[in-house]
Amino acid sequence: MSYNKPIVYFYTKNNCKLCEDVKQLLQILQMDYQFTIVEQNIYKNDTLLEKYFLHIPVVKAGDMEISAEEISFATLEQFLQEHLT
């Protein structure tokens with residue numbers, strides 16, 4: 001039986017220092033929590049651009065999201081603990 005890791009969506013854009021910082025946090029947290037990061041540039045999808053333009057970066061696990069205003073190492077780790085299934 002194969003084990004599929006939960007998927008964490010990471011909505012980002014080009015030339016975004018905060019996005020790069022959050023991506024590094026996600027990669028660090030992957031060492032303790034088993035998940036796959038699916039990175040999506042919002043400028044390649046009009047729906048994502050309209051939804052997330054003012055909130056980048058956004059991390060989504062399951063049906064829940066955490067955006068730039070809320071993200072720190074501690075809040076991101078707690079978010080993953082609560083929403084990875």
Side-chain angles (χ1 to χ4, degrees):
M1 180 162 89
S2 70
Y3 174 75
N4 292 325
K5 295 179 187 177
I7 294 174
V8 171
Y9 291 94
F10 177 52
Y11 300 114
T12 186
K13 63 182 181 179
N14 294 334
N15 301 316
C16 171
K17 174 65 173 131
L18 184 56
C19 298
E20 293 170 18
D21 293 344
V22 172
K23 184 175 182 177
Q24 288 179 344
L25 292 178
L26 284 169
Q27 290 170 335
I28 291 167
L29 288 164
Q30 272 185 309
M31 294 178 200
D32 294 323
Y33 304 92
Q34 297 296 308
F35 62 92
T36 299
I37 300 170
V38 175
E39 186 172 343
Q40 294 184 312
N41 184 328
I42 63 167
Y43 284 100
K44 294 183 178 182
N45 181 308
D46 290 340
T47 303
L48 294 176
L49 179 61
E50 183 177 328
K51 184 173 183 178
Y52 296 118
F53 179 72
L54 297 175
H55 304 287
I56 288 299
V58 173
V59 175
K60 181 177 179 183
D63 293 333
M64 301 303 293
E65 299 174 349
I66 185 171
S67 61
E69 309 84 40
E70 306 166 293
I71 294 177
S72 69
F73 184 84
T75 60
L76 189 55
E77 182 174 31
Q78 181 178 355
F79 175 80
L80 293 174
Q81 286 174 348
E82 293 173 1
H83 301 293
L84 287 179
T85 56

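Remark: Q78 pairs with E82 by the side chain to side chain donor-acceptor pair (under 3.5 Å) rule, at least two apart or across chains. Qualifying side chain to side chain donor-acceptor pair (under 3.5 Å) partners for D21, counting only residues two or more places apart in sequence or in other chains: K17. Here K23 pairs with E39 under the salt bridge (Lys or Arg N to Asp or Glu O under 4.0 Å) rule; sequence neighbours left out. Applying the side-chain contact (heavy atoms from CB on, under 4.5 Å) test to K44 and every residue at least two apart in sequence or in another chain returns N41. For Q81, the side chain to side chain donor-acceptor pair (under 3.5 Å) partners at least two apart in sequence or on another chain are Y33. With sequence neighbours excluded, the residues that form a side-chain contact (heavy atoms from CB on, under 4.5 Å) with S72 are A74, T75. Taking M64 as the reference, F79, H83 meet the side-chain contact (heavy atoms from CB on, under 4.5 Å) condition, with sequence neighbours excluded. For the side-chain contact (heavy atoms from CB on, under 4.5 Å) test, residues two or more places apart in sequence or in another chain that qualify with L49 are I42, Y43, F53.
For the atom pair OG1 of T12 and OH of Y52, the computed distance is 13.0 Å after rounding to the nearest 0.5 Å. Atoms CD1 and CG, from I56 and L48 in turn, are 8.0 Å apart once rounded to the nearest 0.5 Å. A distance of 9.5 Å separates CG of L29 from CG of L84, quoted to the nearest 0.5 Å.
When the side chains of ILVMFWY residues are joined at heavy-atom separations under 4.5 Å, either directly or via intervening members, I66 and L26 end up in a single hydrophobic cluster. Follow the hydrophobic side-chain contacts under 4.5 Å out from I71 and you never reach Y9; the two are in separate clusters. Under a hydrophobic-cluster definition in which Ile, Leu, Val, Met, Phe, Trp and Tyr are linked whenever side-chain heavy atoms come within less than 4.5 Å, directly or via other members, Y11 and L18 are assigned to different clusters. Clustering ILVMFWY residues whenever any of their side-chain heavy atoms sit less than 4.5 angstrom apart, transitively, puts F73 in the very cluster that holds F35.
Residues in residues 15-61 take part in these disulfide (SG to SG under 2.5 Å) pairs, two or more places apart or across chains: C16-C19. The stretch residues 58-72 participates, sequence neighbours left out, in these salt bridge (Lys or Arg N to Asp or Glu O under 4.0 Å) pairs: K51-E65. Residue pairs that meet the disulfide (SG to SG under 2.5 Å) test with at least one member in residues 35-77, sequence neighbours left out, do not exist here. For residues 49-83, no residue pair satisfies the disulfide (SG to SG under 2.5 Å) rule, not counting sequence neighbours.
Looking at every heavy atom in both residues, V8 comes nearest to A61 through CG2-CB, 4.5 Å.
Within the 4.5 Å cutoff, the side chain of Q30 has heavy atoms near those of the I37 side chain.
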